[in-house]
Structures are given as structure tokens and as C-alpha cells.
Amino acid sequence: DMKVHLYRQHGAHIGEAVRIEPGAIIIAKHISIGAASTIGADSTIECDVLRLGRLVALGKRTRVRCRSVEIGDALWAKDDVVIGGGGGDEAGARLRAGDACFFGEGAYLNTCEPLTLGDEVCIGSRAMLFTHSHWQSVLRGYPSLFAPIEVADHVFIGNQAFVFPGVTIGAGA
């Protein structure tokens, strides 16, 4: 309660019945959290803009580091989700997710470039979505691709799936 009070006192827009659990910290210029949302214990959120809808639940040890996070209503993220990763400080580093999404335990959402998720998108446990492919040496001729990922409404990305930069996934996939 004290954390919520202090964030409000410093300009954050936080709805009723919001919980910021022990060890959780938010470092952001603009904070808006909808009613009945929860930031799990020992989570760290670092971004310029944080906009969470109503009934958003981020699990324990959530790690967010990117420019902007905008999530609609009723997201449920399990423990140890990472949003950001390499390139989290890039100008296009942002996540936009619609309503009623789910992020499984240990999901990794890289946001070097924009990552856009529609409504009712399920990202399975330990699935990885990368907006860059810069892990093999370009000096040895490997390509380096930086591109957004777009996922339409009603999509299920299975456990341990890997989505590459520039991929668009259509509705219902």
C-alpha cells in the first residue's frame, strides 16, 4: 500500500486495488496501472512509458527493460517473464499487447524493435520472440536482421517456440 501511495504521490496514475508486491520496483517517467492489477514480487520494470490495463497480473521476478510497454486489460504473465533483453534501449524498443493475453513461465519477449501482440495471444512457457538476429558474426558473413514482430488476434505460440525477426503471424494461428 505504501509503494502505491508513493508512486501516486509522484504522479503515477494507479487504479484501485493495485498491488506492488515486496521487492518489486518500477522506474518509469510515465506510469499508468489499471485497477486490480498486480506487479509480482521481486520484479523490475524500467521503461519510459508503462501503461497497464485493468486486471493485469505480472508474475514473480518479471524483468522489463525497454522504451515503452502498453498492455490492455486482463493479461496474465507467469513467473520469470523477460520483456526487453538485448536492445532494450533502442528507439523502437516497445511492446504493445492487446486484451486477454497470456505469457507462460520463462517467456522471453525481445523488444529491440516493436513487438505487437493482438487480443487473446498466448505465448507458451519458455517461448522466445526475437526482434533481432544479431548473434553470429556479421564479419563472417552471417546476416544481421533487425525487424518488428506482429502477432494478430487469437494466436497460440507454443511452449519453447522461437519466433524470428520480421515475422507476422495471422489471426487464429
Nearest-0.5 Å distance, [atom1] of residue [X] to [atom2] of residue [Y]:
X     : Y     : atom1 : atom2 : answer
Gln9  : Ile14 : CD    : CD1   : 11.5 Å
Thr44 : Ile39 : OG1   : CD1   : 11.0 Å
Glu90 : Arg67 : CD    : CZ    : 8.0 Å
Ile20 : Ile25 : CD1   : CD1   : 10.0 Å
Ser68 : Asp48 : OG    : CG    : 8.0 Å
Leu50 : Ile27 : CG    : CD1   : 12.0 Å

Nearest atoms (heavy-atom pairs only) where [X] meets [Y]:
X      : Y      : value
Ser43  : Lys60  : OG-C, 4.1 Å
Ala171 : Ala152 : N-CB, 3.3 Å
Gly15  : Val18  : O-CG2, 3.2 Å
Gly34  : Ser37  : O-OG, 3.0 Å
Gly172 : Val155 : N-CG2, 4.0 Å
Gly85  : Val82  : N-CG1, 4.4 Å

Review point. Given the rule in the side chain to side chain contact (heavy atoms under 4.5 Å, CB included) test, do Phe103 and Leu109 qualify, once you have shown the distances and angles that lead to the verdict?
Key: CA-CA 9 Å; Phe103 301 163; Leu109 289 73; 3.9 Å; yes
Review point. Would you find more than 12 non-hydrogen atoms of other residues, nucleotides or ligands less than 6.0 Å from Arg51 atom CZ?
Key: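 Incorrect, the count does not exceed 12.
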Check your understanding: In terms of heavy-atom contacts, does CD of Glu16 have more than 12 from other residues, nucleotides or ligands at under 6.0 Å?
Key ->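 Counting other residues, nucleotides and ligands, CD of Glu16 stays at 12 neighbours or fewer.
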Exercise for review: In sequence, state the C-alpha distance, the side-chain angles, and the governing distance for Phe130 and Phe164, and then conclude on ring-ring contact (aromatic ring centres under 6.0 Å, His included).
Suggested key: CA-CA 5 Å; Phe130 275 92; Phe164 289 97; 8.3 Å; no
Any donor-acceptor N/O pair, [X] side chain to [Y] backbone, under 3.5 Å:
X      : Y      : result
Lys3   : Pro22  : no
Glu21  : Ala41  : yes
Thr111 : Ala93  : no
Asn110 : Leu129 : no

Hydrophobic cluster membership, [X] vs [Y], 4.5 Å side-chain cutoff:
X      : Y      : value
Val69  : Val49  : no
Tyr108 : Ile45  : yes
Phe156 : Val151 : no
Ile31  : Leu52  : yes

Exercise for review: With sequence neighbours excluded, tell me which residues meet ring-ring contact (aromatic ring centres under 6.0 Å, His included) with Tyr7.
Suggested key: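 Partners of Tyr7 by the ring-ring contact (aromatic ring centres under 6.0 Å, His included) criterion come out as none, since no residue qualifies.
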Review point. Can you list the residues that meet the ring-ring contact (aromatic ring centres under 6.0 Å, His included) rule with Phe102, with sequence neighbours excluded?
Key: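 Once residues adjacent in sequence are excluded, the partners of Phe102 under the ring-ring contact (aromatic ring centres under 6.0 Å, His included) criterion are Trp76.
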Review point. Are Pro165 and Phe146 close enough that some pair of their side-chain heavy atoms sits under 4.5 Å apart?
Key: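 They are not in contact (no side-chain heavy atoms under 4.5 Å apart), so the answer is no.
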Review point. Going by heavy atoms in the side chains, are Ile26 and Ile33 under 4.5 Å from each other?
Key: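 Yes, at least one pair of side-chain atoms sits under 4.5 Å.
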Contacts under 3.5 angstrom, residues 113-128 side chains, donor-acceptor by atom type, not counting sequence neighbours:
{"residue": "Asp119", "atom": "OD1", "partner": "Asp99", "partner atom": "N", "Å": "2.7"}
{"residue": "Glu120", "atom": "OE1", "partner": "His154", "partner atom": "ND1", "Å": "3.1"}
{"residue": "Ser125", "atom": "OG", "partner": "Glu105", "partner atom": "N", "Å": "3.4"}

Indicate yes or no: does [X] engage [Y] in a salt bridge with an N to O separation below 4.0 Å.
X     : Y     : answer
Arg54 : Asp73 : yes
Arg65 : Asp89 : yes
Asp80 : Arg61 : yes

